[in-house]
Amino acid sequence: MSTHTPLPATAADDDVRTGAPEPGADGGAQRSSSRWLYVVLAVGLLAMALPFVWMVLSSVKPEAEVRSIPPTWLPETYTLENYRELFDRLRFPTYFFNSTVVAVVVTAGNLVFGSMLGYALAKLDFRGKNVVFALVLGTLMVPGMVTFVPLFVLVSNMGLTNTFPGLILPYLVGPLGVFLMRQYFLGLPDELIHAARVDGAGELRIFWSVMLPLTGPALATLGILTFLTSWNNFLWPLVVAQTEDMYTLPVALALYSVGQNATQYGLLLAGAVVVVVPVIVLFLAVQRYFVQGIAMTGIK
Amino acid sequence: MTTATTAPASRPVPSGGSPAGRRRSLLQRRQARTAWLLALPFLLLFAAFTAGPVFASLLMSFTDMRSTDVRSPFAVDLAAFDNYTALFQDDLFRKVAVNTAIFVLVGVPLTMVLALAAAVGLNNITRLRAFFRLGYYLPVVTSIVAVSVVWRFLLQPDTGPINQLLGTVGIDGPDWLGDPSLALPSLIVMAAWRNLGTLMVIFLAGLQTVPRELLEAAEVDGAGRWQRFRHVTLPLLRPTLLFGAVITGIGYLQFFEEPFVMTNGGPLNATRSVSYYIYDQFSFGNYGYAAAASYVLFVAIVVLTAIQFRVLRPKA
């Protein structure tokens, strides 16, 4: 196959070439070039992973060691002092709780409301259907930067700044949920609905008990995407949360890192660990659905 | 319902279509009612918190609204195009617009090249593919604020490991984030590191749709590895590449967390972005002005997307 590429012919190549004709030679050359490929990919992987490795290692160093010149990789002294400070003095448990509440409620809202509208658009006939779909889809690329100023005016007038509803309501529904769920419902056979109708089931019951239980993979993908987006969301909670007791994790971490704790390196890195590690664990647990979803939608 | 379905079958009906027609229209009405019932909660929330603000933002951008007007948003004065005129006359806005353009024009190609290289690499291995894919994807799921904190320390001139690594090969690493000419490029590299996983997954899916027979035919015709990639794979991948360019471009046009956490927009505003500018104007209480700036950003996003879709459109 690639015997004429400028790769150096190895002993292995020659061995194989004397034996079988085409497929054997093919395999040998591929093996030697793929060995290099693995080396290159491994170096790349190292570059992707090292920032996280360094983050975790430095978070358990005492402050003096984090600032040492030259820097150390492996901690010479292990300490949990940074984490103790985060959780005892800096109210990180509160931020963690806030982030969790917001992400869970936002995810639930997107799953429920997104699948409701997605089902209506995919499987029910009604006038105005195309208009609704176009309207929702049209906002898929409207950035948060465009809407946050009037949104803040609205939420202020509702008296909801610095509250959970203020943090949650603007994200409770979104176009991605509708788009994903509609796609998935379209792929389910209409016969199921016809059969349920013949059996006398009402339309709402058909949606809830017959069709929705079949959408597991789509719900899983949507749920993970929404949870991660909400957990990592920054601009809106930065604007709406005005006192420390309503901060989410990214808001707290960003404000500490530019505020009076800006030079406490070890502490901030421990904070980054608290923000990042839970989502990495979650992601590793459910990554099968997640990677599917990315390939399906292309949206992070 | 059961009686309705059996009735026409058991008894011949003179005008055959009529009961069936009535049944269908009954079903249609019931469907429409259910559909609106299912759509209503979504549409109410959507109108209030997404669609409404899109239009409100446009309206606000033509007023002199300030934070003191929040309680009476309809009592503000019209300012016509004053906000937009002031915006384009502001040297700082021009500066942040240029920064944002550089971030997009350099960042998008860089991210795409790295992602494509990773995708091609993964497409050519069999063992450990899922493992590598996972590793390259990992930064995408993490908070930009958190990775910005980490990279701020990685890039420290004396205590950071990047300059230490450079030192081992004899390079005296600079003060990456403190040098006005290096700060923005540093942020771009970090963004490419953080985001290449998304594109890699999309490109990998695209690569797997390239028909093997086509590559084999090109090989029989004497095309080398690079020629096959350049003349067979890349043209087939064009829609996928452009899709990747669109979503990455939309994201990069809004970059905000990176300079907020890593540089405060400095040094000398070298890393201040349009989004950062909007946020600052909002914080100063200039709501109408901030809304105008955000609409300029929105138009930039629409234009960029439209251009890319034009290129994407298959040749007739």
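So you know, we letter chains A, B, ... as the sequences are listed, proteins then strands, and number each from 1.
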Heavy-atom distance under 4.5 Å to chain A: side chain of [X], backbone, both or neither?
| X | answer |
| --- | --- |
| B/Tyr295 | side chain |
| B/Leu45 | both |
| B/Leu154 | both |
| B/Asn124 | both |

Heavy-atom distances under 4.5 Å only: say whether A/Val112 touches chain B with side chain, backbone, both or neither.
neither
Bottom line for A/Lys123: the part with an atom under 4.5 Å from chain B's heavy atoms is backbone
Between [X] and [Y], is any pair of side-chain heavy atoms under 4.5 Å apart?
| X | Y | answer |
| --- | --- | --- |
| A/Leu124 | B/Leu38 | yes |
| A/Val173 | B/Phe49 | no |
| B/Phe153 | A/Ser58 | no |
| A/Phe52 | B/Pro139 | yes |
| B/Gln254 | A/Leu235 | no |
| A/Tyr265 | B/Gln156 | yes |
| A/Thr139 | B/Phe46 | yes |
| A/Leu269 | B/Val150 | yes |

Exam field: side chain [X] to backbone [Y], donor-acceptor pair closer than 3.5 Å:
| X | Y | result |
| --- | --- | --- |
| B/Gln164 | A/Pro70 | no |
| B/Arg152 | A/Ser257 | yes |
| B/Asn264 | A/Val258 | no |
| A/Trp231 | B/Thr142 | no |
| A/Thr147 | B/Thr50 | no |
| B/Gln31 | A/Asp125 | yes |

Working for side-chain contact (heavy atoms from CB on, under 4.5 Å), residues A/Phe283 and B/Leu134:
CA-CA 10 Å; A/Phe283 169 69; B/Leu134 197 64; 3.6 Å; yes
side-chain contact (heavy atoms from CB on, under 4.5 Å), that's the test. Do A/Tyr256 and B/Val149 meet it? Break it down for me.
CA-CA 10 Å; A/Tyr256 283 134; B/Val149 164; over 6 Å; no
Highest number of heavy-atom pairs under 4.5 Å with chain A among B/Ala32, B/Ala290, B/Ser143 belongs to B/Ser143
For chain A, which of B/Leu196, B/Val302, B/Asp158, B/Ile301 has the most heavy-atom pairs under 4.5 Å?
B/Asp158
Aromatic rings [X] and [Y]: how do their planes relate, parallel, tilted or perpendicular, breaks at 30° and 60°?
| X | Y | value |
| --- | --- | --- |
| A/Phe152 | B/Tyr287 | perpendicular |
| B/Trp36 | A/Phe126 | perpendicular |
| A/Tyr38 | B/Phe132 | tilted |

Atom CH2 of B/Trp193 with >12 non-hydrogen neighbours under 6.0 angstrom
yes
With chain B as the partner, which of A/Gly118, A/Gly174, A/Ser115 has the greatest number of non-hydrogen pairs under 4.5 Å?
A/Gly174
Euclidean distance, [Y] [atom2] relative to [X] [atom1], rounded to 0.5 Å:
| X | Y | atom1 | atom2 | result |
| --- | --- | --- | --- | --- |
| B/Thr34 | A/Met116 | OG1 | CE | 11.0 Å |
| B/Ser273 | A/Met145 | OG | CE | 7.0 Å |
| A/Leu45 | B/Arg133 | CG | CZ | 13.5 Å |

Under the side-chain contact (heavy atoms from CB on, under 4.5 Å) criterion, do B/Thr159 and A/Glu65 qualify, and how do the steps go?
CA-CA 10 Å; B/Thr159 55; A/Glu65 195 186 333; over 6 Å; no
Pair B/Leu138-A/Met48, side-chain contact (heavy atoms from CB on, under 4.5 Å): steps then yes or no
CA-CA 8 Å; B/Leu138 215 50; A/Met48 299 308 283; over 6 Å; no
